[in-house]
Asker: 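First, the structure itself, so that you have it in front of you.
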Amino acid sequence: MKFKIKNLGEFYLNSPTSLKSILPEIKKLKKEIPVGFKYQEELIDWHYTFNSSSEKEVELEPIFSSDLNSLEYLRHTASHILAQAVKELFPSAKLGIGPAIEDGFYYDIYYEQPFKEEDLINIEKRMKKIVERNLPLERKEISKEEALELFKNLGEDFKLELIKELPEEKVTIYSQGDFVDLCKGPHLLSTGQVKAFKLLSVSGAYWRGKENNPMLWRIYGTAFFSEEELKNYLKRLEEIKKRDHRKLGKELELFTIEEDIGPGLVVWLPKGALIRKLIEDFWKEVHLQRGYQLVYTPHIALRDLWKISGHLDFYIENMFPSMELESKAYQLKPMNCPFHIYVYNQKRRSYRELPLRFCELGTVYRFERSGVLHGLLRVRGFTQDDAHIFCREDQLEEELTRVLDLVIYFLKLFGFNEYKIFISTRPEKFVGSPEIWDRAELALKKALENKNLNYEIDPGEGVFYGPKIDLKIKDVLGRFWQCSTIQVDFNIPQRFNLVYVGEDNQFYRPIMIHRALLGSLERFLGVLIENYAGAFPFWLAPIQLKILSLTDRNIPYGEKVAEKFKKEGFRVETDFRNEKLNYKIKIAQQEKVPYMVIVGDKEEIQNTISVRTRKGEVLNSLKLEDFLSQLKKENKPYLSDESL
RNA sequence: GCCGGCGUAGCUCAAUUGGCAGAGCAUGGGAUUUGUAAUCCCAAGGUUGAGGGUUCAAGCCCCUCCGCCGGCUCCA
């Protein structure tokens, strides 16, 4: 068998042995030794054995430690080392699964007692010893029967369950020293290659994520090829902690969630409310410009409305319970769509009127289980930047394209230029005909292609009423957040018997698009706080300027300056307290005010101002008029691409 | 909801084996009149998340509940 390895040359193997056999030859090349290989889009390791001679020539792409894929090998091996360490320290522990994940790895392990933070320290120490032992890994293919026998003897009940469900006749196992695990790989050559790792946390996790299954302990960790990368990652975790919107929200007095008011219910404090107002005003303005019509609808409605819409059938576990009043049942709304249906149904609609686009910043209430609430990102009452578009089928693609255009316009405005986009297609249980689903899915794809956007398909993950596009935005720290969603709905127009009159005077059913661009204002602001680290751009800063007086003598001049800014519509605060300038700067800096305007005797005499930016730049003796005209230019939503 | 951890002044955090609840910041008063990230002094501030129990004595130990944090699951 011939192996062609990109940039490394050609190698030969006669009998079916693992790739390790060619390792000595590669070592002779005195080049970096690959971590593993990519073979037909799959990651394989040195332990991999090509068993048939039918493939005479095999092309392999080497994967080096600089390649992102290499982390999969490292972390997967790290998770085995973790499992081995736990088994050595706690022999009665039973192993669940232990994959490599985005930022590290975990292993789910059953044990009679919970693992504590101190246990993690000991486990980590034992892991270091296993790394020092530099145990070579071995891969073996065995039959299912053999595997069942092996793991039965080891008492690994969870592994038995996994093996029974595997479709293949043969399964692979990896071993290192005395430790054996069911695993399809890929792995490193030996445990000694795991250089920099750290265990991070432990928490409960149901076996296979199912609530009636037993709970295992999930130990999380991360691993890198160098100490430096590990250090950088830990630094990033610190940075994430510093930017936590719950912490900044308190420090900057943006919002509060009070035990006495209720879990998951947000109170916007004046500064946070102001940011929200600025975004809302802009949002409304843009929507009106783009052919949407603004509506307002109530927060509760008769419960029967939700019977017609189908929410009581498929959404009830997310709804607050009903309220009885004068023998009528009312329901707090979990969604805005039924209300917009009635806006549509105010009169007989003609094909000429379509598309109709109704938008609303609609506050909805959804019951979320107590354990999942999280700051602004997961709440029980939130305001969607919602809209429902009613259109003809032949308008679907164009409408979807317009929505995408709008969503990207908004996201760019806030500096989000990278996205992950997913199309969710027809699930097993669905309404409407397969044909109309196919046409809608095609419309979604075409709309994305019209905007030159890459996407992935989530097969079968659509809601039962129609396919959808979900958009995840990437923030400055490289994290992804789901905000925007665009959903096609064949169900609700039918349930409410929506029609329009066509050119031929017949009745037709419109298609409805649900869409939220920012998602919910609560979540979006939470993401924004973290993205900006609380330092909002000038147009959104709750306090744009702070006037700092040097001494009490300068207060009247300071007041005059403040008035001029206020007259131009800027948001100004003054700090005329009898304190040192340093102190006032420190405070303004903590408040993340974009510009500190300093007035002292010198400025007063020259009739100027001195400005310090929150980045620390100092501009002395500016003419007020010059600074004002600069600010006027800056006081607009930021657009990275003016052509949008 | 489940598992583990946590809950002390407005905020951030101390309080040894169970032995008089304390500091910094913020707040109020006073002194000082200040030049680019914290001037000094004084004062006030608490039913230690709530309720119950053990004890001569509970912030600390036990039970129940509430909330928060990290996960599981779900999603805007």
Side-chain angles (χ1 to χ4, degrees), chain A residues 106 108 113-117 119 200-220 241 244 246-247 250-251 253 256-264 315 317-318 334-336 362-364 366-386 463 470-472 481-485 487 514-524 526-527 548-555 576-591 596-603 610-614 616-620:
Chain A
Y106 68 79
D108 281 350
Q113 270 137 43
F115 292 117
K116 300 216 169 121
E117 298 289 322
D119 294 324
L200 298 171
S201 65
V202 56
S203 59
Y206 297 109
W207 168 237
R208 317 189 94 182
K210 301 233 168 65
E211 278 177 36
N212 25 16
N213 281 349
M215 188 160 280
L216 313 188
W217 305 110
R218 176 169 295 180
I219 301 177
Y220 281 95
K241 230 187 208 169
D244 191 316
R246 294 165 298 189
K247 182 171 169 273
K250 187 173 267 179
E251 283 170 9
E253 299 176 4
T256 181
I257 297 171
E258 297 284 326
E259 187 171 344
D260 294 342
I261 292 173
Y315 207 68
E317 70 280 8
N318 278 299
M335 289 186 183
N336 300 305
T363 303
V364 297
R366 298 183 184 174
F367 173 72
E368 298 284 355
R369 298 196 293 179
S370 57
V372 304
L373 299 172
H374 181 97
L376 293 177
L377 302 180
R378 197 71 188 277
V379 293
R380 285 183 176 159
F382 58 98
T383 303
Q384 291 182 306
D385 69 319
D386 209 357
V463 205
D470 283 330
L471 217 139
K472 292 186 181 181
W481 306 91
Q482 154 127 37
C483 294
S484 321
T485 181
Q487 310 179 346
H514 308 244
R515 45 115 283 194
L517 307 184
L518 311 177
S520 89
L521 290 170
E522 283 74 9
R523 175 177 290 180
F524 193 74
V527 173
L548 314 181
S549 57
L550 197 65
T551 74
D552 288 353
R553 286 191 301 282
N554 311 115
I555 294 177
F576 294 159
R577 288 178 297 177
N578 179 5
E579 296 285 354
K580 290 183 122 178
L581 181 61
N582 269 343
Y583 174 79
K584 297 185 191 182
I585 286 172
K586 160 105 185 161
I587 299 298
Q589 198 72 45
Q590 278 174 350
E591 293 170 337
M596 292 158 236
V597 175
I598 294 146
V599 288
D601 289 344
K602 200 173 76 188
E603 287 76 14
S610 287
V611 174
R612 182 194 160 101
T613 71
R614 69 182 159 202
E617 298 146 342
V618 177
L619 304 156
N620 281 321

Asker: Could you tell me if the side chain of A:Lys247 sits less than 4.5 Å from the side chain of A:Lys241, heavy atoms only?
Answerer: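 With C-beta onward as the side chain, the pair stays apart.
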Asker: May I ask you to test the A:Leu377-A:Trp481 pair for a side-chain heavy-atom distance under 4.5 Å?
Answerer: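 Side-chain contact under 4.5 Å: yes.
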Asker: Please name the nucleotide paired to B:G7 by Watson-Crick or G-U wobble geometry with both distances under 3.5 Å, or report none.
Answerer: B:C66
Asker: Decide yes or no for A:Phe367 and A:Arg380: does some side-chain heavy atom of the first lie under 4.5 Å from some side-chain heavy atom of the second?
Answerer: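 Sidechains of A:Arg380 and A:Phe367: in contact.
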Asker: Considering only the C1' atoms, how many Å lie between B:G24 and B:C40, rounded to the nearest integer?
Answerer: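 Roughly 16 Å separates the two C1' atoms.
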Asker: Which part of the nucleic acid, if any, lies within reach of A:Gln482 when heavy atoms closer than 4.0 Å are counted: base, sugar-phosphate only, or nothing?
Answerer: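 A:Gln482: backbone/sugar contact only, no base atoms under 4.0 Å.
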Asker: Distance between the C1' atoms of B:G59 and B:G49, in whole angstroms?
Answerer: 12 Å
Asker: In terms of side-chain heavy atoms of A:Arg378, which of B:A76, B:A37, B:U36 is nearest?
Answerer: B:A76
Asker: Need one value for A:Asp552: base, sugar-phosphate or nothing, where a base atom within 4.0 Å counts as base even if backbone is also close, heavy atoms only.
Answerer: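 Base, at least one base atom sits under 4.0 Å.
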Asker: Starting the side chain at C-beta, find the nucleotide from B:A76, B:U36, B:U12 nearest to A:Ile598.
Answerer: B:U36
Asker: Side-chain N or O of A:Tyr220 less than 4.0 angstrom from OP1 or OP2 on B:C72?
Answerer: yes
Asker: For B:U36, take OP1 and OP2 only and decide whether either is under 4.0 Å from a side-chain N or O of A:Asn582.
Answerer: no
Asker: A:Val372 side chain: which of B:G35, B:U73, B:C75 is closest?
Answerer: B:U73
Asker: What is the nucleic acid contact for A:Tyr206, judged by heavy atoms within less than 4.0 Å: base, sugar-phosphate only, or nothing?
Answerer: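 Base, at least one base atom sits under 4.0 Å.
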Asker: Are A:Leu548 and A:Leu581 side-chain neighbours, meaning at least one heavy-atom pair lies under 4.5 Å?
Answerer: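 Sidechains of A:Leu581 and A:Leu548: in contact.
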Asker: Using a cut-off of 4.0 Å on non-hydrogen atoms, how would the nucleic acid contact of A:Phe524 be classed: base, sugar-phosphate, or nothing?
Answerer: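 Counting heavy atoms under 4.0 Å across all strands, no contact is made by A:Phe524.
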Asker: Quick one: A:Glu251 CD to B:A26 C1', roughly how many Å, whole number?
Answerer: 13 Å
Asker: Considering only heavy atoms and no angle criterion, is a donor-acceptor pair shorter than 3.5 Å present between the side chain of A:Arg523 and the base of B:C75?
Answerer: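 Such a pair is found, so the answer is yes.
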Asker: Please report the distance separating the C1' of B:G18 from the corresponding atom of B:U27, rounded so that it comes out in whole Å.
Answerer: 35 Å
Asker: Determine whether A:Gln589 and A:Met596 satisfy the following criterion, side-chain contact (heavy atoms from CB on, under 4.5 Å), listing intermediate values before the conclusion.
Answerer: CA-CA 9 Å; A:Gln589 198 72 45; A:Met596 292 158 236; 3.2 Å; yes
Asker: Taking only side-chain N and O atoms of A:Tyr583, does any of them lie within less than 4.0 angstrom of OP1 or OP2 on B:U33?
Answerer: no
Asker: What nucleic acid atoms does A:Glu258 come within less than 4.0 Å of, heavy atoms only: base, sugar-phosphate, or nothing?
Answerer: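 Touches nothing.
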Asker: Pick the C1' atom in B:A14 and in B:A9, then give their distance to the nearest Å.
Answerer: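 Taking atom C1' in both B:A14 and B:A9, they lie 13 Å apart.
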Asker: Going by centres under 5.5 angstrom and planes under 30 degrees, do the aromatic ring of A:Phe382 and the base ring of B:A76 stack?
Answerer: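 Check passed, A:Phe382 stacks on base of B:A76.
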Asker: Give one of base, sugar-phosphate or nothing for A:Arg218, where a contact means two heavy atoms less than 4.0 Å apart.
Answerer: sugar-phosphate
Asker: How about A:His514 and A:Val463: do any of their side-chain heavy atoms sit closer than 4.5 Å?
Answerer: no
Asker: Indicate for each nucleotide in nucleotides 62-70 of chain B, in 5' to 3' sequence, whether protein heavy atoms under 4.0 Å reach the base (B), only the sugar-phosphate (S), or nothing (-).
Answerer: ----BSSSB
Asker: May I have the distance from A:Leu216 (atom CG) to B:C72 (atom C1'), rounded to whole angstrom?
Answerer: 10 Å
Asker: Can you tell me, in whole Å, how much space there is between the P of B:U39 and that of B:G35?
Answerer: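 These two P atoms come out 11 Å apart once rounded.
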Asker: Only pairs with both distances under 3.5 Å count, Watson-Crick or wobble alike; so what is the partner of B:C75 in this structure?
Answerer: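 Partner of B:C75: none found under 3.5 Å.
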Asker: In this structure, how many angstroms lie between the P atom of B:C72 and the OH atom of A:Tyr106, rounded?
Answerer: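 These atoms are roughly 8 Å apart.
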Asker: Would you mind telling me which residue lines up with the more 5' stretch of RNA chain B, A:Arg553 or A:Ser610, judged by nearest nucleotide?
Answerer: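 Between the two, 5'-proximity favours A:Arg553.
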Asker: Between B:U54 and B:C62, how far apart are the P atoms? Round to whole Å, please.
Answerer: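 After rounding to an integer number of Å, I get 15 Å for this pair.
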Asker: Give one of base, sugar-phosphate or nothing for A:Asp108, where a contact means two heavy atoms less than 4.0 Å apart.
Answerer: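 Nothing, no heavy atom under 4.0 Å.
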Asker: Using Watson-Crick or G-U wobble geometry with both distances below 3.5 Å, tell me the partner of B:U48, or none.
Answerer: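 Paired with B:U48, as far as the under-3.5 Å criterion goes, is no nucleotide at all.
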Asker: Base, sugar-phosphate alone, or nothing: which one does A:Asn318 contact when heavy atoms must sit under 4.0 Å apart?
Answerer: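 Touches nothing.
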Asker: Between P on B:C74 and CH2 on A:Trp481, what's the gap in Å once rounded to a whole number?
Answerer: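 For the pair A:Trp481 CH2 and B:C74 P, the rounded distance is 19 Å.
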Asker: Can you find a pair of side-chain heavy atoms, one from A:Arg523 and one from A:Gln482, that are under 4.5 Å apart?
Answerer: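 They are in side-chain contact.
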Asker: Here's a test of your reading of the structure: between A:Gln590 and A:Cys483, which maps to the more 5' nucleotide of RNA chain B?
Answerer: A:Gln590
Asker: Could you give the distance separating B:G19 and B:A58 at their C1' atoms, to the nearest angstrom?
Answerer: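 B:A58 and B:G19 have their C1' atoms separated by 10 Å.
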Asker: Of the nucleotides B:U33, B:G35, B:A76, which has the atom closest to the A:Glu603 side chain?
Answerer: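 Looking only at heavy atoms from C-beta outward on A:Glu603, the closest nucleotide is B:G35.
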Asker: Is the shortest heavy-atom distance from the side chain of A:Cys483 to the side chain of A:Leu518 under 4.5 Å?
Answerer: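 No, every pair of side-chain atoms sits at 4.5 Å or beyond.
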Asker: Return the value, rounded to whole Å, for the distance between atom CD of A:Glu579 and atom C1' of B:A31.
Answerer: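 Going from CD in A:Glu579 over to C1' in B:A31 covers 12 Å.
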Asker: Mind running salt bridge (charged side-chain N to carboxylate O under 4.0 Å, His left out) on A:Arg369 and A:Glu211 for me, showing each step along the way?
Answerer: CA-CA 13 Å; A:Arg369 298 196 293 179; A:Glu211 278 177 36; 2.7 Å; yes
Asker: Are any non-hydrogen side-chain atoms of A:Pro263 and A:Leu373 less than 4.5 angstrom apart?
Answerer: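 They are in side-chain contact.
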Asker: Using a 4.0 Å heavy-atom cut-off, does A:Lys602 contact any base of the nucleic acid, only the sugar-phosphate backbone, or nothing at all?
Answerer: base
Asker: Kindly indicate, with the supporting measurements, whether the criterion side-chain contact (heavy atoms from CB on, under 4.5 Å) is fulfilled by A:Phe382 and A:Val364.
Answerer: CA-CA 6 Å; A:Phe382 58 98; A:Val364 297; 3.7 Å; yes
Asker: Return the nucleotide paired to B:A43: Watson-Crick means purine N1 to pyrimidine N3 with N6-O4 or O6-N4, wobble means G-U with N1-O2 and O6-N3, both under 3.5 Å.
Answerer: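 Base partner found: B:U27.
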Asker: How would you label the contact of A:Glu117 with the nucleic acid (heavy atoms, under 4.0 Å): base, sugar-phosphate, or nothing?
Answerer: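 If one applies the 4.0 Å heavy-atom cut-off, A:Glu117 turns out to touch nothing in the nucleic acid.
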Asker: In the structure shown, which nucleotide is the Watson-Crick or G-U wobble counterpart of B:U17, with both distances under 3.5 Å?
Answerer: none
Asker: Roughly how far apart, to the nearest Å, are B:U17 and B:C60 at atom P?
Answerer: 15 Å
